[in-house]
Amino acid sequence: MRKIKEVIVVEGRYDKNTLKQLVDATIIETSGFGIFNNAEKLALLRMLAEKRGLIILTDGDGAGFVIRNYLKGSLPKDKIKQAYIPDIYGKEKRKAHGGKEGKLGVEGMPPEILLTALENAGATFEDESVTNHNVSPITKADFLRLGLSGAGSTEKRAALQKKLSLPKNMTANALLEFLNLTMTLDELESITIENTSDDR
């Protein structure tokens, strides 16, 4: 079991239980939307962010993104890493019915997908050196040049997110942040060229 330095923030106890079987880490639940009215827990997360850093790992549905964005706006941005799960449709075994959007949440994800999401977010695994993928970061200007922002960019970003198994609810800024953690500009350029040729 791999040990992670950062504190992982998830929505509920089933998410926590799933992760506890995969990684040795401190995992805090938001109790879904309960975090909105829990100043004490928010203060705790702020302290943990300053001391150890946080990884936010919420579901890929609309509700998950509302919680993610609330935390992003309430906590120190330089102490937060974002982990994303792909849009996989289905329902968790324990539930009689799937979620409103029909997507699996964190608790329903296969272990290898969760570990990849944490790795891609830049989780600090104990006894492993932190690698910085980029010499020069991917910028908003690069996004514009590659057609990932500006007029007609929504479809291109959606195609890229699908190719990278990312949820379609991601904003352009969240996508940019994710790409900077996981690839170089050269790699991004080669993927976007592939996507363009796929569309022909």
Side-chain angles (χ1 to χ4, degrees), residues 8-11 15 18 30 32-33 54-73 75 77 80-92 95 97-123 132-134 136-200:
I8 304 172
V9 183
V10 295
E11 291 179 52
D15 302 331
T18 299
T30 67
F33 291 152
L54 296 180
I55 298 173
I56 299 174
L57 178 59
T58 57
D59 293 348
D61 59 6
F65 272 83
V66 168
I67 294 165
R68 184 187 292 277
N69 290 332
Y70 173 76
L71 292 173
K72 201 172 176 180
L75 298 168
K77 287 182 175 51
I80 292 175
K81 295 174 179 178
Q82 303 283 347
Y84 297 98
I85 56 171
D87 288 338
I88 298 176
Y89 292 85
K91 73 171 188 67
E92 281 80 11
K95 295 179 179 174
H97 306 286
K100 194 161 70 170
E101 294 177 36
K103 298 175 187 177
L104 288 175
V106 169
E107 68 165 291
M109 286 290 136
E112 61 277 11
I113 288 181
L114 290 174
L115 284 172
T116 299
L118 292 167
E119 286 167 359
N120 286 343
N132 184 0
H133 291 268
N134 286 328
S136 56
I138 301 163
T139 65
K140 289 187 177 181
D142 295 321
F143 256 36
L144 193 60
R145 181 173 54 79
L146 295 169
L148 295 169
S149 66
S153 61
T154 307
E155 295 80 9
K156 283 190 177 176
R157 278 201 313 276
L160 177 62
Q161 284 162 221
K162 187 176 180 183
K163 189 173 185 75
L164 297 174
S165 297
L166 294 169
K168 60 184 174 188
N169 287 341
M170 285 176 88
T171 63
N173 284 339
L175 178 60
L176 179 63
E177 184 182 6
F178 175 85
L179 294 172
N180 268 312
L181 284 165
T182 58
M183 66 179 66
T184 63
L185 178 57
D186 287 346
E187 287 168 335
L188 174 61
E189 285 174 339
S190 67
I191 290 171
T192 50
I193 289 164
E194 277 173 34
N195 276 355
T196 307
S197 55
D198 289 347
D199 292 341
R200 284 180 187 153

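Worth knowing before you read on, the calculation uses all heavy atoms, side chains too, and leaves out hydrogens, waters and symmetry mates. This is a predicted model, so every value here is computed, not measured.
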List in chain and number order the residues that pass salt bridge (charged side-chain N to carboxylate O under 4.0 Å, His left out) with K91, two or more places apart in sequence or in another chain; answer none if no residue qualifies. none

Closest non-hydrogen atom pair between D59 and E11, with its separation: N-OE2, 2.7 Å

Distance check, rounded to the nearest 0.5 Å: Q161 atom CD versus L179 atom CG? 8.5 Å

Residue pair P137 / D142: nearest heavy atoms and the distance that separates them: O-OD2, 3.9 Å

Between G60 and N169, which heavy-atom pair has the shortest distance, and what is it? O-ND2, 3.3 Å

Taking C-beta and beyond as the side chain, do L54 and L71 meet within less than 4.5 Å on heavy atoms? no

Rounding to 0.5 Å, atoms CG (L104) and CE (M109) come to a distance of 5.0 Å

Using the test side-chain hydrogen bond (donor to acceptor under 3.5 Å, both in side chains), find all partners of T154 that sit at least two apart in sequence or belong to another chain. none

Heavy atoms of I55 and A123 approach each other most closely as CD1-CB, 3.5 Å

According to the interplanar angle, ranging from 0 to 90°, do the rings of F65 and Y84 count as parallel (below 30°), tilted (30 to 60°) or perpendicular (above 60°)? parallel

Candidate pair I67 and I56, rule side-chain contact (heavy atoms from CB on, under 4.5 Å), full reasoning: CA-CA 9 Å; I67 294 165; I56 299 174; over 6 Å; no

Could you check R157 against M170 for side-chain contact (heavy atoms from CB on, under 4.5 Å), going step by step and ending with a plain yes or no? CA-CA 9 Å; R157 278 201 313 276; M170 285 176 88; over 6 Å; no

With sequence neighbours excluded, tell me which residues meet side-chain hydrogen bond (donor to acceptor under 3.5 Å, both in side chains) with T58. R68

Taking NZ, NE, NH1 and NH2 as the nitrogens, is one of them in E101 or K168 under 4.0 Å from a carboxylate oxygen of the other? no

Go through the steps for E177 and K72 under the test salt bridge (Lys or Arg N to Asp or Glu O under 4.0 Å), then give the verdict. CA-CA 13 Å; E177 184 182 6; K72 201 172 176 180; 3.6 Å; yes

What's the spacing between L148 CG and S153 OG if we round to 0.5 Å? 7.5 Å

Give me the atom names and distance for the closest heavy-atom approach of A83 to A117. CB-O, 3.7 Å

Start with the C-alpha distance between N69 and T171, add both sets of side-chain angles, then the distance that settles side-chain contact (heavy atoms from CB on, under 4.5 Å), and finish with yes or no. CA-CA 10 Å; N69 290 332; T171 63; 5.5 Å; no

What distance do I85 atom CD1 and D61 atom CG have between them, rounded to the nearest 0.5 Å? 8.0 Å

Kindly write out the residues that satisfy side-chain hydrogen bond (donor to acceptor under 3.5 Å, both in side chains) with N173, not counting sequence neighbours, or none if the list is empty. K140

To the nearest 0.5 Å, what is the distance between OG1 on T182 and CD1 on I138? 7.0 Å

Excluding sequence neighbours, so at least two apart, what forms side-chain contact (heavy atoms from CB on, under 4.5 Å) with E107? Y14, D15, T18, E92, R94, K95

Applying side-chain hydrogen bond (donor to acceptor under 3.5 Å, both in side chains), name anything that partners K162, two or more places apart in sequence or on another chain. none

Check the pair L175, F143 against side-chain contact (heavy atoms from CB on, under 4.5 Å), reporting the backbone distance first and the verdict last. CA-CA 10 Å; L175 178 60; F143 256 36; 4.0 Å; yes

